[in-house]
Amino acid sequence: MNSSNDNTAIGVHNGRATGMRSRAVIFTAIFYFITVMLMLAVCWLFLSNVDQLFPREDTVRTEAMDAWRSDEPTKEFAGGCWRFPSFWRSVNLTVVSATVTTLIAAILGIPAAYALSRYKIPGRAVIDVLFSSVIVLPASSVGLCLVVMFQYGPLHDILDGWGIHVPLSVPGIVVVQLVLSLAMGMSAWRAAFDGVKPRFEHVARSLGASPWRSFRTVTLPSARAGIFAGLILAWTRAAAEFGGVLTFCSTFEQFSPELFSPIIRALHLHKADPLAVNMWAQIEYGNVEYGFAIGFVLVMISALSVYVLHKIGGKGYIW
Amino acid sequence: MSESARQTVSTRATPPKRGTRSVWPVICLIAVLLILSAYLLLVVSNVVYLTGIDEASFSSVAQLLKDLRRGIHDILWFFTSGRMSSRFWLTVKTASISTMLSLLVGIPAGYALSRFRFPWPNLTRTLIDLPVMVPPAAVGVFLFGVMHGWPVKPLCEMIGISFAHNTNGVILVQFVVTVSFCARLMKSSFDGVNPHFEQVSRSLGASLPRTFWKLTLPLAKRGIIASTIVVWARAAAEWEALMLFVGGTEAETDVMPFAVYLDWNGGMMGWVASYSIACILLAVASMAAVRIIAGKSYLW
Amino acid sequence: MLRALSCFLATALMLAATGCGDSGNVMLFHAGVGQRSSLNEIKDVFLARHPNARLNFAYKGSGYFIADLERSREGDLFMPGEEFYFLQAVERGFITDYDPKTDIAAHFMVVIATPRGNPKNIQELEDFAKPGIRVGLGNPKACAIGIWDEKTFRKAGIWEQVKKNQVQSAKCIAETASAIQHREVDASLIWSSTAVLYLRDIEIIPIEPRYRGLVRLPVGVLKFSKHPELARQLKEFMLSEEGSKIFRSHAYVTDPGPLDEQGFCLDGGMASRDDCKWLVQAAKVCKDENIPVNAETCGHLVGEVRRQRATKRAGTR
């Protein structure tokens with residue numbers, strides 16, 4: 001505080017403009033520096049790990065290990081992941097499950113976000129807070145909550161009566177992903193609808209349009225960018241889900257194919273894990289190069305979706 | 001509830017014809033109800049699980065009362081024991097430190113992103129947002145590679161700081177996961193301040209730093225505080241990267257989200273459920289604070 | 001504003017500094033997640049005697065350690081859930097002084113676990129092969145129980161049928177056990193020392209002696225240990241009489257009797273008979289509030305039973 005006042009005094013004597021300008025330059029430079037450093041750190045975080053894709057000389061493969069892993073990735077670039085059908089099925093599973101999740105999230109979330117944005121619902125503030133708090137819920141906690149919800153109490157009895165087991169099943173993945181991606185999508189859609197003035201709708205309504213028609217023809221087109229942003233966010237979040245899937249669904253790669261239902265086999269979703277889970281699993285099995293390759297695929301997927309998000313100028317998100 | 005809400009809708013939207021009833025508002029409200037009930041079921045089942053009340057409890061009133069008393073006793077036991085408070089304060093401590101560190105980088109970076117020009121704006125913005133959108137698990141894995149590679153490892157060994165399996169690692173992970181998120185939120189906070197004011201301040205003779213301290217920061221205060229809370233909540237909820245980078249150590253790295261997983265693996269479901277409830281309460285409390293400060297529960 | 005911010009900065013740096021300080025005598029112990037409860041007790045006792053030392057654990061599925069050690073080359077002690085993983089570390093030269101005769105801290109016993117009440121009436125190993133039973137198996141690449149699943153069912157000659165019933169491929173023993181606890185699967189094989197953590201929610205069924213596996217648990221000091229002397233002392237403590245006692249109180253088997261080279265019982269289950277009996281008894285006592293908890297009703301597992309009886313959902317003492 002003091003030093004800054006002194007500087008001002010000196011600045012006044014020596015010519016106010018030059019002092020001010022130099023301070024502005026230093027200020028700007030520091031801020032630029034911090035930002036550029038942050039960007040470089042992000043680049044470093046992802047790019048410095050490229051060397052992990054190459055097998056190391058000093059990794060010894062023991063005989064016992066090789067006996068177990070005759071059908072396993074070998075020590076080559078990226079573990080030779082592209083040669084494994086399970087890798088492509090995992091990509092497929094990630095894309096399909098995230099898409100299904102996003103669809104369900106959109107069907108549920110867009111009307112809900114619209115209602116929260118437009119209608120006077122009693123306790124709307126509380127509902128708002130509840131929905132947005134899902135975003136800052138730990139994934140481990142989500143996993144636990146889901147297990148408890150599906151395995152205890154009335155829901156378990158009902159589902160058990162129908163012979164449905166949600167945990168440890170492929171559709172379970174969608175259930176887990178839905179929790180977080182719905183919350184993400186909702187926050188974006190909420191913001192999108194809040195950004196559209198209700199006045200236009202009133203005009204449309206007063207001209208005789210039904211609520212649905214006014215929503216479809218007036219609100220939806222005006223909020224288009226925000227809705228797309230929400231879809232992208234929901235999709236990316238769903239594709240990034242890891243902890244919940246791990247605790248709720250476990251892994252499927254080691255199963256024999258006949259354990260999966262015909263629909264899942266027809267879609268080539270069997271014997272595969274969502275990419276984030278597969279990344280962890282592969283590193284855990286010792287296929288470090290393979291795991292990092294999947295990590296890079298995940299980074300590329302996220303980078304692409306963020307880029308698209310900025311391209312369409314989508315706003316209204318927290319994440 | 002839907003009936004009363006429909007009435008409020010119809011009074012508010014001043015419909016011209018009573019005849020053009022639409023199912024659309026009803027669908028919207030049903031969607032809200034569905035999500036709300038799923039969410040409440042998610043949370044409530046957790047609490048019910050902790051109390052241990054099940055089908056057998058409903059056999060008689062006496063049994064139910066007995067189980068209820070026992071459940072309340074259990075909840076009190078878990079929430080008043082030292083293990084809970086030590087994990088809670090560990091979480092608060094690490095999240096606060098990492099949030100402060102994030103703010104140190106995030107506020108300048110956010111201001112720069114909001115006001116200064118960068119080449120390839122979409123690309124730079126994507127870069128800043130990338131750690132936010134990449135799965136935290138991948139961040140943990142990549143962090144492992146960075147911390148065990150040149151030049152970080154020799155540097156850490158020289159200084160004598162270790163980041164694996166201790167609290168430092170937790171802070172590092174939380175910092176990495178939240179720093180660009182923080183910058184992003186701060187950018188939005190500063191975007192909310194009209195640059196016109198700054199121009200006026202500058203033209204009246206205030207230097208750029210002075211304008212920033214005296215004008216921009218106070219004007220963006222609300223947004224900054226709200227963002228700080230969100231960043232804090234996000235840091236306190238980090239688990240996936242922790243699991244892959246830091247590893248579990250009793251009373252050292254097991255912040256609450258991680259303790260959920262660790263105790264889950266130790267079969268201590270009582271702790272798991274109570275930590276999980278504590279996490280939910282933290283999340284709800286921080287989002288409520290955001291809503292009170294920022295006026296809405298999402299930020300931008 | 002500036003003052004507030006500088007105060008804030010100072011606090012942040014101070015807090016960060018307090019976090020960074022002590023990295024003196026910190027040992028790092030890589031241990032399978034299944035050994036957690038017993039090792040925490042070992043740690044408490046050991047640290048009470050070595051007040052200067054500090055001990056951190058890295059609990060994971062056993063398979064992960066090789067990948068972790070290979071890349072990080074950090075850590076002082078290593079105790080995976082199976083000799084197989086240990087031998088890999090030996091083969092890679094991470095552990096140089098392994099003596100298979102003396103370095104075994106304790107044994108796991110493989111038992112059958114089913115959800116509370118045993119709804120599918122699983123009584124013996126062959127029941128795993130019945131159609132419609134949801135079986136949880138471990139993944140041999142990630143955890144030790146996976147190896148034993150395959151070994152045990154192959155010995156019983158029903159591996160192919162059991163594979164058809166698989167609904168879970170777990171990556172650590174705890175995942176298998178919690179799936180049982182939450183009724184996600186109908187039956188699994190788990191360690192005795194893991195089963196003892198879930199007394200309230202599972203039923204424990206001993207395997208018939210000829211298929212009963214006893215798993216050797218070696219412990220070793222890693223080559224790149226920064227505190228080899230302290231690590232050696234800890235290892236010795238774990239191998240001592242006192243260490244065995246702690247392991248035993250967590251349902252490890254310390255006297256397995258004669259085993260074949262694969263690790264299966266040779267003496268018709270004589271040596272491990274008591275361990276089986278007390279395990280089953282402990283599960284019974286823990287569920288029934290009317291039975292008193294003492295050494296007569298639950299034997300050496302009285303501590304575990306007492307802990308889990310204290311609250312409806314298990315916590316710590």
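Labels below follow one simple rule: chain letters A, B, ... track the order of the sequence lines, proteins then strands, and each chain is numbered from 1.
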Would you say the side chain of [Y] lies within less than 4.5 Å of the side chain of [X], judging by non-hydrogen atoms?
| X | Y | value |
| --- | --- | --- |
| B/Val44 | A/Met149 | no |
| B/Ile280 | A/Ser141 | yes |
| A/Trp280 | B/Met243 | yes |
| B/Val105 | A/Met37 | no |
| B/Trp24 | A/Pro111 | yes |
| A/Phe242 | B/Pro135 | no |
| A/Ile301 | B/Val134 | no |
| A/Ile135 | B/Arg234 | no |

Decide yes or no on side-chain contact (heavy atoms from CB on, under 4.5 Å) for A/Tyr119 and B/Leu29, but give the supporting numbers first. CA-CA 9 Å; A/Tyr119 304 152; B/Leu29 291 171; 4.0 Å; yes
Below 4.5 Å from any heavy atom of chain B, which atoms of [X] appear? Answer side chain, backbone, both or neither.
| X | answer |
| --- | --- |
| A/Val299 | both |
| A/Val147 | side chain |
| A/Phe296 | both |
| A/Glu201 | neither |
| A/Ile30 | neither |
| A/Leu155 | side chain |
| A/Met279 | side chain |
| A/Ile294 | neither |
| A/Ser214 | neither |

Could you tell me which residues satisfy ring pair (Phe, Tyr, Trp, His ring centres under 6.0 Å) with A/Tyr32, sequence neighbours excluded, listed by chain and number? B/Phe116, B/Phe118
So, the part of B/Ile277 with a heavy atom under 4.5 Å from chain A: the answer is neither
Tell me, out of B/Trp264, B/Trp239, B/Tyr275, who's got the most heavy-atom pairs with chain A below 4.5 Å. B/Trp239
Max heavy-atom pair count under 4.5 Å with chain A, selected residue of B/Thr211, B/Ile27, B/Leu244: B/Leu244
Does the side-chain contact (heavy atoms from CB on, under 4.5 Å) test come out yes or no for A/Phe46 and B/Leu130, once each step is laid out? CA-CA 10 Å; A/Phe46 294 117; B/Leu130 199 53; 3.9 Å; yes
Walk me through whether A/Cys145 and B/Ser276 qualify under side-chain contact (heavy atoms from CB on, under 4.5 Å). CA-CA 8 Å; A/Cys145 290; B/Ser276 170; 3.9 Å; yes
Is the number of heavy atoms from other residues, nucleotides or ligands under 6.0 Å of B/Arg115 CZ greater than 12? yes
N/O donor-acceptor pairs under 3.5 Å from side chains in residues 140-147 of chain B, not counting sequence neighbours:
none

For A/Val306, which of B/Val132, B/Asp129, B/Leu127 qualifies under side-chain contact (heavy atoms from CB on, under 4.5 Å)? B/Asp129
Donor + acceptor pair across side chains of A/Ser133, B/Tyr39 (<3.5 Å): yes
List the steps and the verdict of side-chain contact (heavy atoms from CB on, under 4.5 Å) for B/Tyr111 and A/Thr35. CA-CA 9 Å; B/Tyr111 185 75; A/Thr35 316; over 6 Å; no
